[in-house]
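Notes to accompany the following structure.
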Amino acid sequence: MAVSPTIWKLASFFHAQLKVKARVYDENELEGTFKEMNNESLRWQVFISLILACSFRRGENLALEADLINWDKNQITIDPAIVRGEKGRPVLKDPKTFNSTKIVTLPNSVMVLLKKLYMENRRLKMKAGEIWQEDHHEWLFCNEDGTHFDPTTPTTWWRRFTKRKNIRYIRLHDLRHTSATMLINQGVHAKVISERLGHADIRITMDTYGHVLEAADQEEASKLDGIFTKRKKCLIKKIGNKCQK
C-alpha cells in the first residue's frame, strides 16, 4: 500500500523524536556518570565533558587543536572534524555547513580540565622526544607519538566504560542529544541551542527536539498560570475591600 509523502514525513518525525527521547540520560544518570568519570584518565574526562557541556560531535572533539582555544575568553572555535573516510581511514574534513564553523563558550570547570590536558600533552611531547611524529598539528586528543585518535577510539572506550561501570549504554553521539536536552530544560533559547549544535537551520533543532521543547513550553505556561492566578486572586481581594483603583 502506497504511503503519502506527508504521512511518511510525519511518521519519520515522530520516530526521530522517540529515538532521541529514549537515548538520553536523565539528571540522576548524568550525576552517576560524572561520578564514575572522576576515576578515568584526564583525556576522557575532557572528551566527555566537551560533548555534554558544548554539544560537540565526536569528530569535532578529535580535530581540536591548541590554537583553536581562546584561553582568555574560555572559547573554542570548531572548524574541521576528523571522520572515517574511504576504507575506514581517518580524514580531516571541512565543516558540514557554514554554521558548523562556530565559537562556543565553555563553563569554567571544563576550561580548567582543558588547561590541565594541554599541559599534560606538552609534558608528553617533551618526554616522547624522537618518538613524536606530529609536526604540523597540536591535537588535544593524541596518542603517545602526537598523532590524533582514530574515530573508533572514543567509541570503543565509551562502550567499554559503560559496561565496566554498569552504566546504561547509549551511543556516544547520544551524549550530544543529552546535552541539547539539558540546555532546553534549563530554558536556553532554541536559537542559541541550534547555534551550539551547529545546525544549518533552526528547524532541524525544532524537528529533532520538538518533544523536549514542547514539554519545556508547557512547564513555562504552568509557571505563568501561577503568576496570573495569584494576580487574579489579588484583584478579587482588592475589589472585595473596595480598594481597586
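The basis for the numbers below is simple: all heavy atoms, side chains too, and nothing from hydrogens, waters or symmetry mates.
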| task | Using modelled atom types only, decide if a donor and an acceptor are shared between the side chain of R58 and the backbone of P151 within a distance under 3.5 Å. | result | yes
Could you tell me whether E120 and R43 have a side-chain N and a carboxylate O separated by less than 4.0 Å? yes
Query raised in the report: Would you call E60 and K93 a salt bridge, using N to O less than 4.0 angstrom?
Result: no
In this structure, CH2 of W132 is separated from SG of C142 (nearest 0.5 Å) by 4.0 Å
Main chain of D26, side chain of E29: is a donor-acceptor contact present, judged purely on distance under 3.5 Å? yes
Distance col, row Y118:OH vs L42:CG, nearest 0.5 angstrom, shows 14.5 Å
Determine whether M182 and V188 make a side-chain contact, defined as any pair of heavy atoms from C-beta on separated by less than 4.5 Å.
-> no
For this session: Run the numbers on F141 and L50 for side-chain contact (heavy atoms from CB on, under 4.5 Å), then give the verdict.
Result: CA-CA 12 Å; F141 301 104; L50 286 175; 4.0 Å; yes
Output for pair (K116 NZ, N121 CG), nearest 0.5 Å, gives 14.5 Å
Cluster check W71, L117: I/L/V/M/F/W/Y, side chain < 4.5 angstrom: yes
Between E65 and I69, the two heavy atoms sitting closest are O-CG1, 3.8 Å
From the list W44, F47, W157, ring-ring contact (aromatic ring centres under 6.0 Å, His included) with F149 holds only for W44
Answer yes or no for R168 and Y25: cation-pi contact, defined as NZ/CZ to six-membered ring centre under 6.0 Å and angle to ring axis within 45°.
no
On a heavy-atom basis, the closest approach of F161 and I167 is CE2-CD1, 3.7 Å
(request) Report the C-alpha distance between R57 and R176 in whole Å, list the side-chain angles of each, state the deciding distance to 0.1 Å, and finish with yes or no for side-chain contact (heavy atoms from CB on, under 4.5 Å). (result) CA-CA 7 Å; R57 298 176 178 89; R176 176 173 151 88; 3.2 Å; yes
Under a 4.5 Å cut-off applied to non-hydrogen side-chain atoms, are R171 and R159 in contact?
no
CG (N61) and CD1 (I82) are apart, to the nearest 0.5 Å, by 10.5 Å
* To do: Take atom NZ of K165 as the centre, draw a 6.0 Å sphere, and report whether it contains more than 12 heavy atoms from other residues, nucleotides or ligands.
  => yes
Q. Would I170 and F34 show up in the same hydrophobic cluster when neighbours are defined by side-chain heavy atoms closer than 4.5 Å?
A. yes
Residues V110 and A53: closest non-hydrogen pair is CG2-CB, 4.0 Å
CG/D67: more than 12 non-hydrogen atoms of other groups inside 6.0 Å
yes
Starting from the C-alpha separation in whole Å, work towards a yes-or-no answer on side-chain contact (heavy atoms from CB on, under 4.5 Å) for L172 and I51. CA-CA 9 Å; L172 186 66; I51 298 178; 4.0 Å; yes
Side chain W158, main chain Y169, donor-acceptor under 3.5 Å: no
N70 meets the side chain to side chain donor-acceptor pair (under 3.5 Å) criterion, sequence neighbours left out, with none
Rounded to the nearest 0.5 angstrom, the CG-OG distance for L113 and S49 is 5.5 Å
Practice task
Find out if a path of hydrophobic residues (ILVMFWY) with successive side-chain heavy-atom gaps under 4.5 Å connects M119 to L106.
Solution key: yes
- [ ] Please determine if E40 and R164 form a salt bridge, counting it only when a charged side-chain N lies under 4.0 Å from a carboxylate O.
- [x] yes
Give a yes-or-no answer on whether the side chains of T77 and D79 include a donor-acceptor pair shorter than 3.5 Å.
-> no
Kindly say whether L175 contributes a backbone atom to a donor-acceptor pair with the side chain of S179 at under 3.5 angstrom?
no
With no hydrogens and no angle check, do the side chains of Q75 and T105 hold a donor and an acceptor under 3.5 Å apart? yes
By salt bridge (charged side-chain N to carboxylate O under 4.0 Å, His left out), R160 pairs with (sequence neighbours left out) none
* Look only at the side chain of N143 and the backbone of D145, and say whether a donor-acceptor pair between them is shorter than 3.5 Å. => no
Between the CG atom in D174 and the OG1 atom in T178, the distance rounded to the nearest 0.5 Å is 6.5 Å
Residue set satisfying salt bridge (charged side-chain N to carboxylate O under 4.0 Å, His left out) with E134, at least two apart, ordered chain then number -> none
Q) Is it true that V83 and W139 fall in one hydrophobic cluster, defined by side-chain heavy atoms closer than 4.5 Å? A) no
query: Stepwise, does the side-chain contact (heavy atoms from CB on, under 4.5 Å) test hold for I76 with L64?
result: CA-CA 8 Å; I76 288 181; L64 288 180; 3.6 Å; yes
